[in-house]
Amino acid sequence: MALLNLHLKVWRQTGTQPGHFQDIEAPEIPDHASFLEMMDIVNERLIRAGQDPVAFDHDCREGICGMCSMTINGMAHGPERGTTTCQLHMRKFRTGDTIWVEPFRARAFPVVKDLMVDRSAFDRIMKAGGYVSVRTGAAPEANEIPIGKDVADAAMDAAACIGCGACVASCKNASAMLYVSAKVGQLNTLPQGHAEKDRRTLAMVRQMDAEGFGNCTNQYECEAACPKEISVRWIAKLNRDYAVASVKEVVGIGRQQAGDGD
Amino acid sequence: MKLDSKIPSGPMAEKWSRHKQDSKLINPKNKRKYSIIVVGSGLAGAAAAASLSELGYKVKCFCFQDSPRRAHSIAAQGGINAAKNYQNDGDSVHRLFYDTVKGGDFRAREANVHRLAEVSVNIIDQCVAQGVPFAREYGGGLANRSFGGAQVSRTFYARGQTGQQLLLGAYSALSKEIARGGVEMHTRTEMLDLVVADGETKGIITRNLVTGKVEAHAADTVLLCTGGYGNVFFLSTNAMGCNVTATWRAHRRGATFANPCYTQIHPTCIPVSGDYQSKLTLMSESLRNDGRVWVPKKAEDCGKPASQIPEADRDYFLERKYPSFGNLAPRDISSRAAKECCDDGRGVGPGGRGVYLDFSEAINEFGEKVIKERYGNLFDMYERITGESAYKQPMRIYPAVHYTMGGLWVDYNLMSNLSGLHVLGEANFSDHGANRLGASALMQGLADGYFVIPTTVANYLVTQKPGAVTTAHPAFKQALEDANGRINQLLGVKGKRTVDSFHRELGLLVWDKCGMGRSRAGLEEALRRIPEIRAEFWENVLVPGSGSLANPELEKAGRVADFMEFAELLCRDALDREESCGGHFREEHQFPDGEAKRDDENFCYVSAYEYSGDLSKPILHKEPLTFEEVHLTVRSYK
Amino acid sequence: MSSLLDSLSRFYASSIGKKLLVALSGLALIGFVLGHMIGNLLIFAGPDAINEYGHMLHTMGHGGLIWVARFGLLAAVLVHIVATIHLTRQNRAARKDAYGKEATRVATSASRIMIFSGLTILAFVIYHLLHFTVRVGNEYNNPALYTAMLDGQPVHNVYKMVIDGFSWAPASVFYIIAVALLCNHLSHGFASLFQTLGLATNKTWPLFQKAGHAFALLILVGNCSIPIAIWLFGYGR
Ligand SMILES: Cc1cc2nc3c(=O)[nH]c(=O)nc-3n(C[C@H](O)[C@H](O)[C@H](O)COP(=O)(O)OP(=O)(O)OC[C@H]3O[C@@H](n4cnc5c(N)ncnc54)[C@H](O)[C@@H]3O)c2cc1C
Ligand code: HEM
Ligand code: FES
């Protein structure tokens, strides 16, 4: 095990006040430590020196909860593909490196403190339609509707999203299309999600827009940053589903009765 | 105090349906008047909040993460059991019930487990309807895999992410109810205390983790769905935020804590590599299907690379000791065997705490490609963490704390002895006895949340006038003062040691003395040391910053302070239980060959502790366990 | 009716709605660019071919069709420009604080300068229209100088106009720069539009990408061959 001497440039910010970069020396970091463990060591030292430790979000530390969120050297979750910050290990760095550590930046993700950001916009998008409206107890027998393996696997590919927001952080336009497309795509792919397909698609995209995310310009930085390597083809599917739903809405297909009936 | 488990009468298979029949109903118009606090948004909490809101109750739900979707349930990999018998391999509700009781080493309550097995089938239906993408077969039907402790294939799974997929299902249901206005969601909000007004649980005290604001919330009943306390050991497979605070504070307000010493150690985790380490990572149990576990026969070989140790000098200890189950022996048994080897000085890797899990034979037999298909993700994860390739050299693994079977005591209605306090999921003690079988925690969390509490909560609510107690009640004022006082106390110590350093010290001690193997001498030492560490904590802890802003160190400090108190109860229970059962292994109580020796005559009961005001003198209440359906036998896996 | 307008305006207001319009208008413009290039290449078939082509364009449908095409194109261009400017502004706003350390992993440089390549193309198109369509600041509208005989009929001498136009170096240089940027624009835009229209799948995407690059190259080579031949190699002079 080797020890690394690192120079950190860490973003410090309190709430809505303007932030700044703080230069922090991080000597003797074990290369077996994870990035967050490196931050733990740095924080221990800061605390003992009477300084304010760096606040960051984390929980599971095994790459599944989606809580950790740092942009490291300009890359959301750092340089390793398919890896969250908590699973990034220091052996990917060299002694003497300067490492920039910043929050996920997006207008829709306001900074809470230092590297912690508010990603509740994602929850509000889900609230807009990220569900199948089935009541507890009202479900049919699980094997009643067969679902082909390809369909189930495809839905699972989309469902692998951990909602970390790296797609937004890495996108030049801070667009949330990869997240939204994965969420919409999972349910729109499955027969269980069909009844509410158009409604869900329109509502979730509208909420996404209302939150102030940017638009997709098909540059695919999101896919490169996604720790679960969700495919940008889900965005293509979302575009398609949205187009269909919009045309139906504009023309009024499927809603002939609305207004006179109920 | 009498602990009344309120188990319905009648034959085992009819208890739950009878109980549903007999449970009270509240008409829809009145349901709207009742408010319910749900603390936790994991499988248990999210499922409960969504289902209760659907019924019409006003629900307030809390979690400390930034989104309900990040509750620790998300980390479960393997799967969820259900007695669907889709494989036609002879599974049934009764068999699942039996396996779970036996797996729990006959220390669980039969009636609860039977109910769990019954509703397991509904859970799968519910999840599929929500759009949970379970693995499927080509024909379109659901796929199953087998798991430890069972001879049938009844585990449903979604790649290596079953927990995340089930939680996303529950979260979507919760989102739907939040959108409808039935649930008011409070994220980044931590419960600091429980409020008991005139003997009834009527609310909680919380701290907003962004603004630091400490607030009171009142409701007609409170549901704690706050998960397990594995982090008392500092290093565990649990998420960093998992805590005992919610249940411990409830305990201090009068709820009895049951079986705290029942903790589960998972045999296949990545070993500790240094003292900077913050958590341990689970490697799925499924690896043991193809991997062979061994250590060198001679201690002096431990420093050599594995490839230089000849076959004759390797000790495949699981195969040697348990010829019929071999590398697939149950969790508690495999864990202890690994520990014995390491205690014997034959452990491998840093600090000598590790054993090999070797795939070379499987790779030779099936080829690297097949092994990659089966375990590629896990091998990648292993390499990311250790920097070593398990295709080229054996994995190193070591047991780690994984799950806690103990929790707040509850009756059949999931209500604690404290009137109005309900406890669901890992936070309660109810279904797993002294050892939990793989894939049954997810089942329990969802069973409690979707199917049990929506029925049973009414039994309590009908006894209450809705909204009778508000935050104006003096009990709230008192609890607010207590919580603020504790925060100021933590900030006021201004000592020299960080919170983590205390947590690490406590954890190492508890792991050492009350981990895989427990002895009277060790436990007594722990019981001597814990109060000392606790005293030093309160004199020398250094919590930076203030209480009025986001302050992760302060959050940790509060949790560690509670672990400091809880650890004592954990060790005391372990000392008190003079037998070995499931995850609780007392070195004094073993057969000559090292197997656990249960004592049904003297210890066939649930230990439920009441807080006496003095941490060193908890009051023990015993709920005797009676077995109608299952015969008590010695668990043997030889 | 108003609910129809509501729906339409919501469609435009949405991010995907605007993107779909950009893609559709982009597709129309691609069609135009291709047709335009093929027509122009007739210059290598000699004066009669291109003059006849020019005459045909102006007389189709009694001279009406060209206006239909022009308005169609104008609409496409307007939609394309208005929507892309809107989108670009929204995108800038969405990342209001820049990273201290910027890094790009996969985004192509073409994709990152779409608005600049687009606006330069726009500037060129305006110049180009003034040059060859409205014909200001030159004598191309003077029948005495630019009339050719086709099947015994006098028609506008497109051939001579083009040769003369590109004989002037600055015009050729600007043209080449603009076409190069158009090529760049399309090297991202062509495949991108299939993603936007939801037609890209894991299987089809590599195809669209290759086709996009090939198309962009074709546009580059095809269009640039004209000024290069005239200006550098003296074709037709
Ligand atoms: C790595 C790993 C793998 C596992 N794999 C499996 C498996 O394959 N199959 C299986 O059946 N089980 C598995 N388990 C066990 C299972 O995941 C858990 O037991 C189960 O998910 C617990 O669910 P829960 O709802 O009770 O609690 P959790 O999911 O832990 O949720 C707790 C909730 O309470 C909230 N909370 C906690 N404290 C407070 C507080 N003080 N204030 C406010 N909110 C609070 C949290 O925010 C969270 O929302 C695994 C566990 C681990 C660690
Ligand atoms: C003949 C001229 C043009 C052609 C053939 C053309 C073609 C295209 C195509 C095919 C796209 C891709 C659409 C998509 O991603 O779905 C595109 C995108 C774009 N165009 Fe053009 N375009 C032309 C002119 C312009 C002009 C004049 C502008 C100036 C404003 C412009 C600005 C853009 C921008 C900014 C984008 C990116 C939009 C996005 O991805 O969000 N284009 N163009
Ligand atoms: S901390 Fe959970 S994904 Fe990184």
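Chain A is the first sequence line, chain B the second, and so forth, proteins listed ahead of strands; every chain is numbered from 1.
Using a 4.5 Å cut-off between heavy atoms, Glu54(B) touches chain A through backbone and side chain atoms alike. Leu168(B) touches chain A through its side chain: at least one heavy atom from C-beta onward sits under 4.5 Å away, while N, CA, C and O do not. Contacts between Ile162(A) and chain B at a heavy-atom distance below 4.5 Å involve backbone atoms as well as side-chain atoms. Neither the backbone nor the side chain of Leu52(B) comes within contact range of chain A; no heavy atoms are under 4.5 Å apart. Only the backbone of Ala138(A) comes within less than 4.5 Å of a heavy atom of chain B; no side-chain atom from C-beta onward does. In this structure, the portions of Asp157(A) lying under 4.5 Å from any heavy atom of chain B include both its backbone and its side chain. For a residue to count as touching a neighbouring chain, one of its non-hydrogen atoms must lie under 4.5 Å from one of that chain's; by this rule Tyr171(B) touches chain A with the side chain only. For Arg135(A), the parts lying under 4.5 angstrom from a heavy atom of chain B are both the backbone and the side chain. When heavy atoms are compared at a cutoff of 4.5 Å, Val54(A) does not approach chain B at all. Contact of Asp40(A) with chain B is made through the side chain alone, with heavy-atom distances under 4.5 Å. In this structure, the portions of Ile47(A) lying under 4.5 Å from any heavy atom of chain B include both its backbone and its side chain. Neither the backbone nor the side chain of Lys92(A) comes within contact range of chain B, judged by heavy atoms closer than 4.5 Å. Only the side chain of Glu553(B) comes within less than 4.5 Å of a heavy atom in chain A; its backbone stays farther off. If you measure heavy-atom distances from Val112(A) to chain B, the contacts under 4.5 Å come from the side chain alone. Of the two parts of Gln165(B), only the side chain, counted from C-beta on, holds a non-hydrogen atom closer than 4.5 Å to a non-hydrogen atom of chain A.
Salt bridge Lys279(B)/Asp59(A): absent, no basic N to carboxylate O contact under 4.0 Å. Residues Glu141(A) and Lys84(B) are paired through a salt bridge, judged by an N-O separation under 4.0 Å between the basic side chain and the carboxylate.
To the nearest 0.5 angstrom, Gln186(A) atom CD is 8.0 Å from Ser172(B) atom OG. To the nearest 0.5 angstrom, Asp66(B) atom CG is 4.5 Å from Arg119(A) atom CZ. Annotation: the span from Leu142(B) atom CG to Asn143(A) atom CG amounts to 4.5 Å, rounded to 0.5 Å. Atom OG of Ser175(B) and atom CD1 of Ile125(A) lie 11.5 Å apart (nearest 0.5 Å).
The candidate from Leu187(A), Asp153(A), Leu190(A), Asp123(A) with the greatest count of non-hydrogen atom pairs under 4.5 Å with chain B is Asp123(A). The candidate with the highest count of non-hydrogen atom pairs below 4.5 Å against chain B, out of Tyr131(A), Phe56(A), Phe122(A), is Tyr131(A). Each of Gly274(B), Ala47(B), Gly387(B), Pro552(B) has some count of heavy-atom pairs under 4.5 Å with chain A, and the biggest count is that of Gly387(B). Taking Val151(A), Ile147(A), Thr189(A) one by one and counting their heavy-atom pairs under 4.5 Å with chain B, the maximum is reached by Ile147(A). With chain A as the partner, the residue from Arg69(B), Gln65(B), Arg497(B) showing the most heavy-atom pairs under 4.5 Å is Arg69(B). Ranked by heavy-atom pairs shorter than 4.5 Å toward chain A, the options Phe451(B), Tyr138(B), Tyr86(B), Tyr450(B) are led by Tyr86(B). In terms of non-hydrogen atom pairs under 4.5 Å with chain B, the most contact-rich of Glu80(A), Gln192(A), Glu37(A) is Glu37(A). Ranked by heavy-atom pairs shorter than 4.5 Å toward chain B, the options Pro53(A), Ser34(A), Pro140(A), Ala155(A) are led by Pro140(A). Counting heavy-atom pairs closer than 4.5 Å to chain A, the top-ranked of the candidates Thr386(B), Asp500(B), Leu549(B) is Thr386(B). Contacts with chain A were tallied for Gln77(B), Arg159(B), Arg180(B), Gln130(B); Arg159(B) has the most, counting heavy-atom pairs under 4.5 Å. In terms of heavy-atom pairs under 4.5 angstrom with chain B, the leader among His58(A), Gln87(A), Lys113(A) is Gln87(A).
Heavy atoms only, all atoms of each residue included: Gly66(A) and Arg70(B) are closest at O-NH1, 3.1 Å. Scanning all heavy atoms of the two residues, the minimum distance from Ala159(A) to Pro133(B) falls at CB-CG, 3.7 Å. Contact between Ile178(B) and Lys127(A) at its shortest, heavy atoms only, is CG2-CD, 3.5 Å. Arg188(B) approaches Met116(A) most closely through the heavy-atom pair NH1-CE, 3.3 Å. Nearest heavy atom pair, residue Arg61(A) against residue Ser278(B), reads NH1-OG, 2.7 Å. The minimum heavy-atom distance linking Ala142(A) with Asp125(B) is given by the pair N-OD1, 2.8 Å.
Between the side chain of Gln164(B) and the backbone N or O of Cys65(A), no donor-acceptor pair lies under 3.5 Å. Between the side chain of Asn122(B) and the main chain of Gly137(A), no donor-acceptor pair closer than 3.5 Å is present. Distance alone, capped at 3.5 Å, places no donor-acceptor pair between the Arg136(B) side chain and the Asp150(A) backbone. Gln277(B) places no side-chain N or O within donor-acceptor distance of the main-chain N or O of Ala33(A), the cut-off being under 3.5 Å.
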For a side chain to side chain donor-acceptor pair (under 3.5 Å) check, start with the C-alpha distance between Glu44(A) and Thr498(B), then their side-chain angles and the critical distance, and finish with the verdict. CA-CA 7 Å; Glu44(A) 284 251 356; Thr498(B) 59; 3.0 Å; yes
Go through Lys176(B) and Ser133(A) one step at a time and tell me if the side chain to side chain contact (heavy atoms under 4.5 Å, CB included) criterion holds. CA-CA 7 Å; Lys176(B) 161 175 77 72; Ser133(A) 298; 4.1 Å; yes
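Remark: Arg124(A) CZ is packed, more than 12 non-hydrogen atoms of other residues, nucleotides or ligands lying under 6.0 Å away.
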